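One structure below.
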Amino acid sequence: MNSIKEKFNLTGRVAIVTGASKGIGEAMARGLAEHGASVVVSSRRQEAVDAVAASFKEQGWEATGIACHVGDLDQLQNLVDKTIEIYGGIDILINNAATNPAFGLSNNTEEAAFDKIMDVNVKAPFELSKRAYPSMLARGNGSVINISSVGGISPETGIGIYSVSKAALINLTKMQAKEWATDGIRVNAIAPGFIKTKFSAALWTNDDILSQLNGMIPQGRIGDSDEIAGLAVFLASDAASYCTGGVYMADGGMTI
């Protein structure tokens, strides 16, 4: 009988996590490293990713920090090339880096803000996945995890274009999953709800807004980054070998 526990073992796997210097990205990178993966911690600032990688190494896990601005195609290619140079290939890619410089009604969103949101939230996952694909294909196994949002399911007031980008990311996930299934590469999306991170601090640090949010969520609270990490470990592992093209909600029941 096959061991279910062993299916979660990521020893020998190589993972890249973007936006991994803090919040959900750091938690997912930590979860992968704890389960045995060699993890490339990536974000814009080298000192920030070095600090996270060092904290993992203190735990006896394997990690390397590689700075990358996902909006720069040359830096995306460098991220892939350096990962392969250091670890020999790529098995797991988590496209987590995202931006949202525009708040308010969508008709007030400037063209530059729209372009930046789409470049970072949609184009970057597409381009980075495309660059990681040959290595995953050669290794005969791969897991791409795109971090979307509940806003990609139902647009959120005040962050409309961000929501549009996350909806596009969901469809990108499904397209890649369909095209790459016979290559042994699985592609899934996680759609977090309100999670306590720096990205959402304007919401959860305001007591009145937090109270309203908690009232909208069946579980009565916003989530923590670690509550996304377990789902990422599952989707990255052989325990999810029959899961591809899925959109997995982690929102305390908000979208029910």
Side-chain angles (χ1 to χ4, degrees), residues 3-68 70 75-76 78-98 125 128-129 131-132 135-136 138-147 185-188 190 192 195-199 223-241 243 248 250:
S3 168
I4 299 299
K5 180 179 179 180
E6 185 59 28
K7 289 181 181 292
F8 287 90
N9 186 351
L10 299 176
T11 300
R13 308 285 175 89
V14 178
I16 296 173
V17 184
T18 67
S21 63
K22 58 184 180 297
I24 292 173
E26 181 182 359
M28 293 188 295
R30 185 172 67 250
L32 297 178
E34 187 175 0
H35 281 75
S38 298
V39 179
V40 171
V41 179
S42 187
S43 190
R44 286 185 295 177
R45 293 170 48 242
Q46 187 65 50
E47 58 269 31
V49 296
D50 283 345
V52 174
S55 72
F56 290 177
K57 289 180 178 179
E58 289 175 359
Q59 299 295 320
W61 308 329
E62 178 56 37
T64 298
I66 301 177
C68 175
V70 298
Q75 291 191 38
L76 289 179
N78 180 67
L79 175 59
V80 168
D81 291 345
K82 278 196 171 182
T83 298
I84 294 173
E85 178 184 336
I86 295 168
Y87 292 118
I90 302 166
D91 303 286
I92 300 160
L93 169 62
I94 301 185
N95 288 304
N96 171 66
L128 186 53
S129 300
R131 285 161 169 73
S135 180
M136 292 183 174
R139 289 158 85 90
N141 182 62
S143 174
V144 178
I145 303 169
N146 294 319
I147 306 305
I185 301 170
R186 299 178 295 104
V187 189
N188 291 285
I190 296 175
I195 306 297
K196 194 173 184 179
T197 65
K198 184 178 179 180
F199 191 80
D224 290 320
S225 296
D226 285 349
E227 293 179 293
I228 308 300
L231 185 51
V233 170
F234 165 69
L235 291 173
S237 75
D238 289 343
S241 59
C243 298
Y248 297 85

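Keep in mind that this is a model prediction, so the values were computed, not measured.
Remark: side-chain polar atoms of Asn95 are not paired, donor with acceptor, to backbone N or O of Leu128 under 3.5 angstrom. For Arg13 (side chain) and Ser237 (main-chain N/O), no donor-acceptor pair under 3.5 Å exists by modelled atom type.
In this structure, CG on Asp91 lies 4.0 Å from CZ on Arg139, to the nearest 0.5 angstrom. Rounding to the nearest 0.5 Å gives a distance of 7.5 Å between CE of Met136 and OG of Ser129.
Screening residues 7-52 for ring pair (Phe, Tyr, Trp, His ring centres under 6.0 Å) gives no qualifying pairs among residues at least two apart or on separate chains.
At most 12 heavy atoms of other shown residues, nucleotides or ligands fall within 6.0 angstrom of atom CZ in Arg44.
For the pair Ala236 and Leu32, the tightest heavy-atom approach, listed with the atom from each and the gap, is CB-CD2, 3.8 Å. Scanning all heavy atoms of the two residues, the minimum distance from Ser143 to Leu235 falls at OG-O, 2.9 Å. Smallest separation of non-hydrogen atoms from Tyr87 and Val39: OH-O, 4.5 Å. Contact record, Ser21 with Val52: O-CG2, 3.6 Å, taken as the closest heavy-atom pair.
Residues that satisfy the side-chain contact (heavy atoms from CB on, under 4.5 Å) test with Arg131, not counting sequence neighbours, are Leu73, Leu76, Gln77, Val80, Glu127. For Phe234, there are no ring pair (Phe, Tyr, Trp, His ring centres under 6.0 Å) partners two or more places apart in sequence or in a different chain.
Looking only at side-chain heavy atoms (C-beta outward), Ile92 and Met28 stay at 4.5 Å or farther from each other.
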Q: Could you walk me through whether Thr64 and Lys82 pass the side chain to side chain contact (heavy atoms under 4.5 Å, CB included) test, one step at a time?
A: CA-CA 10 Å; Thr64 298; Lys82 278 196 171 182; over 6 Å; no

